[in-house]
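Residue indices begin at 1 and follow the sequence shown.
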Amino acid sequence: YLAAEVLDDMPAELRLFLLRCSVLPEMTAARCAHVSGMAHAAQRLDELERRSLFVSVLQADELTLRMHDLVRDFLQDRLQRDHAAELPALLCRAAEHEPDLQRAVSWLARAGAWGQAEALLRQRGEPMFMRGSGATVEQLLTLFPAAEFEARPGLQWLRGLAAMQHLDFDGVLVAMQRAAHGFEQAGCAREAVLARAYACLGLQRASQL
């Protein structure tokens, strides 16, 4: 029904706009323009609202639409099938202005943009340990393949901070030693010294003075 009666009956440009913007849970003109790369986003959102295409209007300062979950799933399936080559770039653009860290890192992980995902997680996730919300960072670390931990000392650094949060000093020692080695290899002297300082805490707790 969605394919035959809704999507295929749309003008081609509106259909492409909707497919590209389906990566966004909530759609505003500014975000849709940025993600889709298409002009006249505000007019297209107005048209979607007029057509009552399974969208609800959220209370906000600007027009903000949310698609029904079933419709969004269908659109993303069609996007993956018909425009798979575009999907990584769409997800990366969606993550650029996403305030929710979980969403942003999940989108970057889905796009395979591991470097961007690591940078964002370090920038916005590291302070979360100090606020007692490090569980979110731990959950997001599970999105990274093991090979990325081997290549990215910043991930080992975050893993060490997570272990510190649980007073798992064996985990702190292993992660911070790996982080220090990786930082040294990358020429990041300051980060390497900090990681070794944390590793010393692990050594001390293990009575390896």
Atom CG of Leu173 and atom CG of Leu203: how far apart are they, to the nearest 0.5 Å? 4.5 Å
Any sub-3.5 Å donor-acceptor pair from Glu118's side-chain atoms to Gly154's backbone N or O? yes
Closest contact, heavy atoms only, Leu45 versus Ala29: CD1-N, 3.4 Å
Under a 3.5 Å distance rule, please check whether Arg44 uses its side chain to pair with a backbone N or O of Ala39 as donor and acceptor. yes
Side chain to side chain, Leu65 and Val57, heavy atoms closer than 4.5 Å: yes
When rounded to the nearest 0.5 angstrom, what distance separates CG in Leu121 from CG in Leu155? 7.0 Å
Flag if over 12 foreign heavy atoms under 6.0 Å of CD, Gln102: yes
Between Arg196 and Glu184, is a salt bridge (charged side-chain N to carboxylate O under 4.0 Å, His left out) present by the stated rule, with each step listed? CA-CA 11 Å; Arg196 291 206 178 280; Glu184 286 171 352; 3.0 Å; yes
Check for a donor-acceptor pair, side chain of Arg31 on one end and backbone N or O of Ala94 on the other, with a separation under 3.5 Å. yes
Is any side-chain heavy atom of Arg20 closer than 4.5 Å to one of Arg93? no
Trp157, Leu101: one ILVMFWY side-chain cluster at the under-4.5 Å cut-off? yes
Distance-only, no hydrogens or angles: does the Ser36 side chain make a donor-acceptor pair with backbone N or O of Cys21 under 3.5 Å? no
Any chance you could lay out the side chain to side chain contact (heavy atoms under 4.5 Å, CB included) test for Trp107 and Glu98, step after step, and finish with the verdict? CA-CA 10 Å; Trp107 289 338; Glu98 175 54 53; 3.5 Å; yes
Same apolar cluster: Leu143 and Leu91, side chain cutoff 4.5 Å: no
More than 12 heavy atoms of other residues, nucleotides or ligands under 6.0 Å from NE2 of His181: yes or no? no
If Ile, Leu, Val, Met, Phe, Trp and Tyr residues are connected whenever their side-chain heavy atoms lie under 4.5 Å apart, and connections chain through other members, are Leu75 and Leu14 in the same group? yes
I would like to know whether Met67 and Leu18 meet side chain to side chain contact (heavy atoms under 4.5 Å, CB included); could you show each step before the answer? CA-CA 10 Å; Met67 278 183 274; Leu18 189 58; 4.0 Å; yes
With a 4.5 Å limit on heavy-atom distance, are the side chains of Leu161 and Met176 in contact? yes
Would you say that Met164 contacts Leu201 through its side chain, given a criterion of any heavy-atom pair below 4.5 Å between the two side chains? yes
Under 30°, 30 to 60°, or over 60°: which ring-plane class applies to Trp114 and Phe144, parallel, tilted or perpendicular? tilted
Under the 3.5 angstrom rule, does the side chain of Arg15 hit a backbone N or O of Met10 as a donor-acceptor pair? yes
4.5 Å side-chain heavy-atom contact, Glu47 and Gln43: no
Write down the atom of Gln156, the atom of Phe149, and the distance for their closest heavy-atom approach. NE2-O, 3.4 Å
Any side-chain heavy atom of Leu79 sitting closer than 4.5 Å to one from Leu90? yes
So does Val55 get a backbone contact from the side chain of Arg66, meaning a donor-acceptor N/O pair under 3.5 Å? no
Would you indicate whether the side-chain heavy atoms of Phe129 and Leu158 approach each other to under 4.5 Å? yes
Euclidean distance, Phe74 CZ relative to Leu19 CG, rounded to 0.5 Å: 8.0 Å
Nearest 0.5 Å, what's the CG-CZ distance between Leu87 and Arg81? 14.0 Å
Passes side chain to side chain contact (heavy atoms under 4.5 Å, CB included), His40 versus Phe17? Steps please. CA-CA 10 Å; His40 312 299; Phe17 174 82; over 6 Å; no
Donor-acceptor contact below 3.5 Å, side chain Arg159 vs main chain Gly171: no
Does the side chain of Val172 come within less than 4.5 Å of Leu167's, by heavy atoms? no
Check against side chain to side chain contact (heavy atoms under 4.5 Å, CB included), Arg122 and Arg152: CA-CA 11 Å; Arg122 286 195 66 192; Arg152 303 185 184 282; over 6 Å; no
Determine the minimum heavy-atom distance between Cys92 and Ala113, stating which atoms define it. SG-CB, 3.7 Å
Rounding to 0.5 Å, atoms SG (Cys188) and CG (Leu194) come to a distance of 11.5 Å
Check the hydrophobic clustering (I, L, V, M, F, W, Y; side-chain heavy atoms under 4.5 Å; chains of links allowed) and say if Val35 and Leu16 are grouped together. yes
Neighbour count >12 (heavy atoms, 6.0 Å) for atom OH, Tyr198: no
Closest approach of Gly125 to Val137 (non-hydrogen atoms, all atoms of both residues): O-CG2, 3.4 Å
Locate the shortest heavy-atom distance separating Met128 from Arg124; write the atom from each residue and the value. CG-O, 3.4 Å
Separation of Phe169 CZ from Arg205 CZ (nearest 0.5 Å): 4.5 Å
Is there a chain of hydrophobic side chains (I, L, V, M, F, W, Y, each step under 4.5 Å between heavy atoms) that links Leu141 to Val174? no
